[in-house]
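Written below as structure tokens is the structure these notes are about.
In each ligand, atom 1 is the first atom listed, and ligand 1 is the first ligand listed.
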Amino acid sequence: MPPASPNARQLASDNYAGICPEALAAMQEANSGHAPGYGDDPWTTEAADLLRGLFETDCDVYFVFNGTAANSLALASLTRSYHSVLCHETAHVETDECGAPEFFSNGTKVLTMAGPEGKVTPAGVRHLVEKRSDIHYPKPKVVSVTQATEQGSVYTPAELRAVGATARDLGLRVHMDGARFANAVAALGCHPADLSWRAGVDVLCFGGTKNGMALGEAVVFFDRSLSAEFAYRCKQAGQLASKMRFLAAPWVGMLRDGAWLRHAARANAQARRLHHLLAAIPGATPRRSPQANSVFVDLPPGVADAVRARGWRFYDFIAGAGSRLMTAWDTTDADLEAFATDLRAALGAAIR
Ligand SMILES: *Cc1c(COP(=O)(O)O)cnc(C)c1O
């Protein structure tokens with residue numbers, strides 16, 4: 001049972017991984033002497049400047065502890081209580097945030113649509129907006145897209161521009177849950193601006209945690225008029241770090257030499273490798289080739305649990321999508337081969 005050791009790597013989520021060396025080294029560097037609290041320190045300034053440089057625009061940046069807060073507070077800043085947020089039915093803001101977007105916006109309703117591969121479509125947005133125009137329907141105000149999606153796909157710049165154009169046409173703002181934005185940029189090989197503000201995204205929640213940091217997400221407002229009083233929202237929600245330098249420094253470590261993109265590209269490459277390994281195992285049916293860092297695979301009844309009994313952890317949390325295997329910045333070839341070996345054994349036992 002290979003992963004029984006506490007140091008073993010898993011394929012359950014990229015948040016099982018530890019802290020990457022660049023983020024850790026930057027935290028160490030920041031850990032010298034005293035610095036002002038609450039973001040008034042040089043690390044926070046530098047991290048925000050690096051993000052402005054990366055996106056090639058004068059955006060307004062805030063650092064918070066986690067993705068649920070980033071998404072919820074960003075959405076709250078775009079809405080009033082009688083508005084609605086339109087998103088895919090498998091979106092994290094709908095399925096995995098315990099109602100936090102509704103809570104922090106004092107009741108803004110999340111309205112969902114279906115769509116291929118976890119993606120929102122212009123037609124889906126238009127349908128949710130135009131199906132009702134009466135006072136009894138929560139007024140659509142924001143489209144929320146996840147990049148990369150919960151189903152492991154990525155929106156191309158053209159797809160994002162189409163959603164952005166439809167949103168603008170209908171008077172809606174665009175929020176992006178970018179918990180895996182780095183993986184999407186690495187997968188598409190395009191400029192981060194082309195996957196965000198140039199495609200019509202008003203606010204991006206840029207994930208640091210799943211990219212290799214201990215914790216932390218950056219809320220990036222491309223339209224600065226939307227961030228008025230955002231600092232108060234963060235404070236009230238318990239998201240204003242008092243020793244902010246330790247939330248900001250890892251961003252400096254990740255951004256200054258491109259580690260964010262290298263780690264994402266590596267995670268993506270390991271997902272492709274895993275897909276290749278699975279495709280060669282009789283009885284395992286991997287879904288389409290991965291675009292980012294997850295692989296979905298269908299296994300015969302009982303086999304997922306038999307693999308788990310060998311010490312592996314992974315989820316089957318999206319109905320009908322099979323088992324999800326997720327690679328991270330530190331996934332090795334040996335990890336993938338060990339998994340494949342255990343899966344073969346479990347399949348062999350199931351067939352016998
Ligand atoms: C992990 C994740 C988040 C952030 O989740 P937290 O646990 O709140 O940090 C947000 N969106 C997606 C799609 C995610 O996978």
Side-chain angles (χ1 to χ4, degrees), residues 10-19 23 62-76 85-105 110 112 115 117-120 142-155 160 174-187 195-196 201 203-220 233-234 237-239 241 247 250-251 260 263-264 267-268 271 290-296 313-318 321 323-329:
Q10 288 286 352
L11 298 171
S13 174
D14 28 13
N15 67 14
Y16 274 48
I19 309 171
Y62 298 82
F63 299 101
V64 298
F65 293 105
N66 57 40
T68 298
N71 285 333
S72 303
L73 298 175
L75 289 169
V85 172
L86 318 185
C87 67
H88 194 270
E89 61 195 1
T90 58
H92 199 270
V93 295
E94 158 71 5
T95 63
D96 286 297
E97 298 190 355
C98 199
E102 293 91 334
F103 176 76
F104 283 109
S105 56
V110 175
T112 65
E117 303 181 333
K119 294 181 193 173
V120 159
V142 181
V143 180
S144 176
V145 295
T146 309
Q147 176 77 316
T149 72
E150 289 76 3
Q151 299 186 26
S153 59
V154 295
Y155 288 87
L160 285 176
V174 180
H175 160 262
M176 179 176 278
D177 173 351
R180 299 190 179 90
F181 184 74
N183 301 92
V185 175
L195 287 185
S196 55
V201 173
V203 187
L204 165 68
C205 296
F206 189 166
T209 310
K210 287 169 181 159
N211 192 212
M213 296 183 197
L215 76 169
E217 321 278 299
V219 184
V220 182
R233 280 190 196 282
C234 291
Q239 290 286 324
L247 212 50
W251 285 95
W260 70 281
H263 289 315
N268 291 355
Q291 292 183 294
N293 61 326
S294 56
V295 178
F296 289 84
R313 297 209 179 187
F314 51 92
Y315 299 108
D316 317 277
F317 68 109
I318 298 178
S323 296
R324 186 192 73 169
L325 304 170
M326 195 114 222
T327 53
W329 66 271

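Rounded to the nearest 0.5 Å, atoms OG (Ser323) and CG (Asp316) are 4.0 Å apart.
For ligand 1, the atoms lying closer than 4.0 Å to a non-hydrogen atom of Arg180 are 15 (O). Each of the following atoms of ligand 1 lies closer than 4.0 Å to a heavy atom of Thr68: 6 (P), 8 (O). Near Glu150, with a cut-off below 4.0 Å to any heavy atom, the atoms of ligand 1 are 13 (C). Heavy-atom proximity to Ala179, at under 4.0 Å, picks out these atoms of ligand 1: 2 (C), 3 (C), 10 (C), 11 (N), 12 (C), 14 (C).
Within the 4.0 Å heavy-atom cutoff, Asp177 counts among the residues contacting ligand 1.
With 3.5 Å as the limit, one finds no donor-acceptor pair spanning the side chains of Thr68 and Ser72. Defined by atom type and a distance below 3.5 Å, a donor-acceptor pair is missing between the side-chain atoms of Glu150 and His92. For the residue pair Asn15/Ser13, the side-chain donor-acceptor check at 3.5 Å is satisfied.
Residue-to-ligand polar distances place Gly67 within reach of ligand 1: an N/O pair is separated by less than 3.5 Å. For ligand 1, the polar-atom distance check finds an N/O of Lys210 within less than 3.5 Å of one of the ligand's N/O atoms.
With sequence neighbours left out, Lys119 forms a salt bridge (Lys or Arg N to Asp or Glu O under 4.0 Å) with Glu117, Glu159. Under the salt bridge (Lys or Arg N to Asp or Glu O under 4.0 Å) criterion, Asp96 pairs with no residue at all, not counting sequence neighbours.
Counting protein heavy atoms only, atom 5 (O) of ligand 1 is closest to His92 CE1, 3.4 Å.
Residue contacts with ligand 1, taken as heavy atom pairs separated by less than 4.0 Å, involve Thr146 solely via side-chain atoms from C-beta onward.
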